[in-house]
Amino acid sequence: MLQKPRGTRDFLPDEMERRRLIERRMRDAGRRWGYREVCTPDFEHLELFTMKSGEGIIQEMYVFEDKGGRKMTLRPEVTAAVLRMYVNEGKVLPKPLRWCYFADCFRYERPQKGRYRQFWQFGVELIGADTASADAEVIMLADDTLRSSGATFDLHVGHLAPMKHLLSGLDPGDQRAIMAYLDKHDQKGLETALVEKNLTHLAEPLAALGECRTVSEVFEVAGDVPERARIEETFSLLDSQNIDYRPDFGIARGLDYYTGMVFEGFAKNLGAENQILGGGTYRLAHLFGGDDVASCGFAIGFDRVMVSIGEFELAHEPVVGVVCTPEGRARALEVARAFREAGIRAEADLMQRGMGAQLSRAAKSADFAVVLGKREVEAGTVTLKNLHSGEQQERSLEDAIAEVARHGAC
RNA sequence: GCCAGGGUGGGGUAGUCGGUUAUCCUAAGGGACUGUGGAUCCCUCGACCCGGGUUCGAAUCUCGGCCCUGGCCCCA
């Protein structure tokens with residue numbers, strides 16, 4: 001038997017309905033904040049992502065050559081594509097741009113819990129607003145989106161400036177290495193590296209930075225930085241709206257294009273792969289030939305959110321099974337159509353079964369049966385049977401539709 | 001790329017120091033039953049992940065691969 005490709009999943013209808021419900025809640029959060037949905041191609045020129053993240057990521061992507069000999073790749077993330085789109089056709093739109101997306105991405109990695117080779121991300125990009133209000137809005141939207149999805153999570157918010165200030169005397173390579181250790185909370189690795197590089201005087205302030213729980217402590221540890229006013233304003237905006245977050249100036253996110261504010265979300269009930277959200281301010285457009293526009297965004301790992309939420313029951317919509325005798329078949333199609341026009345899910349028998357068997361089948365998957373036999377056809381009525389209570393009554397089609405709709409409303 | 005544990009009908013399982021026709025539950029299809037169902041009974045369908053090796057004989061032992069689960073690395 002043919003297997004599905006490694007790290008991919010099939011979704012049966014029950015799970016698909018659950019996914020669509022959560023997806024809708026995320027999109028709706030975006031909509032409430034004015035973020036309109038965009039869509040970019042599933043595959044892009046390889047160059048788009050190597051320009052953003054370096055050649056090293058090629059081994060972790062689905063890379064292929066197309067029939068014209070072009071180097072292509074399935075997208076491993078969406079931000080680069082959205083910024084490419086901004087450069088291509090968004091530059092003349094009035095700023096700021098508020099965009100969101102829900103898209104599948106592909107990474108050639110070893111699958112484990114919450115990590116698949118095809119996975120889905122919900123994300124937003126706010127392009128062209130370089131203010132504390134912009135930073136705060138994206139964080140508040142991230143919080144609203146995760147909250148709306150039903151996930152329970154911890155939100156960490158930080159800023160790169162204090163850490164970069166502490167490391168300002170170092171050459172870029174050392175800086176990056178130190179930040180990588182900080183990002184991983186690798187204390188031993190950090191200490192070893194600091195000793196090797198003769199930087200032991202940084203050990204204490206760097207450790208203290210990660211422990212700071214208020215913004216004012218941060219500047220006691222790291223000294224004054226030019227971004228101080230912006231940072232204080234962003235955090236006071238979050239506080240004014242009672243956003244539940246933890247200041248975390250140990251977030252390094254090891255990425256060169258992040259310029260300032262950074263934040264991460266962690267599911268409370270997941271294992272090793274518990275980060276469900278990452279975001280921050282960044283500058284990317286200039287890499288793709290555009291202006292050096294300030295941007296801010298986040299991406300949510302949709303599949304991890306689904307794992308975190310776990311099993312849950314969906315609201316049940318009433319289902320009508322249309323049951324008929326051979327002489328009622330044509331009428332049954334009309335009746336089924338009338339239910340569907342009223343927005344009610346109606347399913348007809350396709351197996352040429354007897355009425356007993358049709359009802360038996362309907363009892364497993366439907367809430368109501370509509371019976372159409374010789375009697376109903378001649379009288380122009382339908383028999384509506386409640387499959388839960390067993391009660392049934394012959395009545396007009398309109399009454400039957402109203403009765404089923406009434407149950408859908410409760 | 002690395003480590004550990006796994007893989008038996010669609011789902012869940014029994015069997016394993018090699019030995020009859022691979023067990024049971026469930027689901028699915030049909031029938032008993034052509035105008036009132038979920039019960040019951042009967043029938044049917046359907047599996048040892050793939051390949052090599054050892055052997056008279058392999059689901060069982062062995063080697064390699066694939067895939068799954070969790071962890072490491074990485075995480076845009």
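To find a chain, count down the sequence lines: A is the first, B the second, and so on, and within it residues start at 1.
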Problem set entry | Name of the residue among R20(A), R25(A), R19(A) meeting side-chain hydrogen bond (donor to acceptor under 3.5 Å, both in side chains) with E23(A) |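 Of R20(A), R25(A), R19(A), side-chain hydrogen bond (donor to acceptor under 3.5 Å, both in side chains) with E23(A) is met by R20(A) alone.
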Salt-bridge criterion met for [X] and [Y] (N-O under 4.0 Å):
X: R18(A); Y: E15(A); result: no
X: R345(A); Y: E317(A); result: yes
X: E37(A); Y: R27(A); result: yes
X: K268(A); Y: D154(A); result: yes
X: R213(A); Y: D248(A); result: no
X: R24(A); Y: D28(A); result: no

Give me the distance, rounded to whole Å, that separates [N] from [M] when you measure between the [atom1] atoms they each carry.
N: U8(B); M: U16(B); atom1: C1'; result: 11 Å
N: A59(B); M: G52(B); atom1: P; result: 13 Å
N: C67(B); M: A28(B); atom1: C1'; result: 26 Å
N: C74(B); M: C49(B); atom1: P; result: 36 Å
N: U54(B); M: U62(B); atom1: P; result: 16 Å
N: C33(B); M: G19(B); atom1: C1'; result: 47 Å
N: U26(B); M: G70(B); atom1: P; result: 30 Å
N: C63(B); M: C24(B); atom1: C1'; result: 34 Å

Problem set entry | Presence of R353(A) side-chain N/O under 4.0 Å of G30(B) phosphate oxygens OP1/OP2 |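 For R353(A), the contact criterion (side-chain N or O under 4.0 Å from OP1 or OP2 of G30(B)) is met.
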Problem set entry | Side-chain N or O of R361(A) closer than 4.0 Å to phosphate OP1/OP2 of G29(B) |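 For G29(B), OP1/OP2 do have a side-chain N/O of R361(A) under 4.0 Å.
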Exercise. Atom CG in L387(A), atom CG in L359(A): separation rounded to 0.5 Å?
Worked result: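 Interatomic distance, L387(A) CG to L359(A) CG, rounded to 0.5 Å: 7.0 Å.
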With a 3.5 angstrom cut-off on both distances, give the Watson-Crick or G-U wobble partner of [N], or none if there isn't one.
N: G19(B); value: C56(B)
N: A27(B); value: none
N: U69(B); value: A4(B)

Figure out the [atom1]/[atom2] separation between [X] and [N], and round it to whole Å.
X: E273(A); N: C75(B); atom1: CD; atom2: P; answer: 12 Å
X: R117(A); N: C74(B); atom1: CZ; atom2: P; answer: 18 Å
X: N386(A); N: G37(B); atom1: CG; atom2: C1'; answer: 13 Å
X: R6(A); N: G7(B); atom1: CZ; atom2: P; answer: 17 Å
X: I300(A); N: A76(B); atom1: CD1; atom2: P; answer: 16 Å
X: D349(A); N: G37(B); atom1: CG; atom2: P; answer: 16 Å
X: Y181(A); N: C73(B); atom1: OH; atom2: P; answer: 12 Å
X: Q358(A); N: G37(B); atom1: CD; atom2: P; answer: 13 Å

For this session: Look at the side chain of R110(A) against the base of G70(B) and say whether a donor-acceptor pair falls under 3.5 Å; ignore hydrogens and angles.
Result: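 When only heavy-atom distances are counted, R110(A) does reach the base of G70(B) through a donor-acceptor pair under 3.5 Å.
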Exercise. More 5' along RNA chain B: K113(A) or Q275(A), using each one's nearest nucleotide?
Worked result: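 With K113(A) and Q275(A) compared, the 5'-side residue is K113(A).
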For this session: Starting from the C-alpha separation in whole Å, work towards a yes-or-no answer on salt bridge (charged side-chain N to carboxylate O under 4.0 Å, His left out) for R75(A) and D42(A).
Result: CA-CA 6 Å; R75(A) 61 178 168 210; D42(A) 281 306; 2.9 Å; yes
Exercise. At under 4.0 Å between heavy atoms, what does G54(A) touch on the DNA or RNA strands: base, sugar-phosphate, or nothing?
Worked result: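 No contact.
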Exercise. Across the strands shown, which category fits G7(A) at heavy-atom distances under 4.0 angstrom: base, sugar-phosphate, nothing?
Worked result: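 The residue G7(A) makes sugar-phosphate contact but no base contact.
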Nearest to side-chain heavy atoms of [X], which nucleotide of [options]:
X: S360(A); options: G70(B), G38(B), C74(B); result: G38(B)
X: M351(A); options: C73(B), A76(B), G29(B); result: G29(B)
X: Q112(A); options: C72(B), C75(B), G38(B); result: C72(B)

For nucleotides 33-36 of chain B, tabulate all protein N/O to nucleotide N/O atom pairs closer than 3.5 Å, reporting atom names and distance.
{"from": "G35(B)", "atom 1": "O6", "to": "K374(A)", "atom 2": "N", "distance (Å)": "2.4"}
{"from": "G35(B)", "atom 1": "O6", "to": "R375(A)", "atom 2": "N", "distance (Å)": "2.8"}
{"from": "G35(B)", "atom 1": "N1", "to": "E376(A)", "atom 2": "OE1", "distance (Å)": "2.9"}
{"from": "G35(B)", "atom 1": "N2", "to": "R375(A)", "atom 2": "NH2", "distance (Å)": "2.9"}
{"from": "G35(B)", "atom 1": "N2", "to": "E376(A)", "atom 2": "OE2", "distance (Å)": "2.7"}
{"from": "U36(B)", "atom 1": "O2", "to": "K385(A)", "atom 2": "NZ", "distance (Å)": "3.1"}
{"from": "U36(B)", "atom 1": "O2", "to": "Q392(A)", "atom 2": "OE1", "distance (Å)": "2.9"}
{"from": "U36(B)", "atom 1": "N3", "to": "Q392(A)", "atom 2": "OE1", "distance (Å)": "2.9"}
{"from": "U36(B)", "atom 1": "N3", "to": "Q392(A)", "atom 2": "NE2", "distance (Å)": "3.4"}

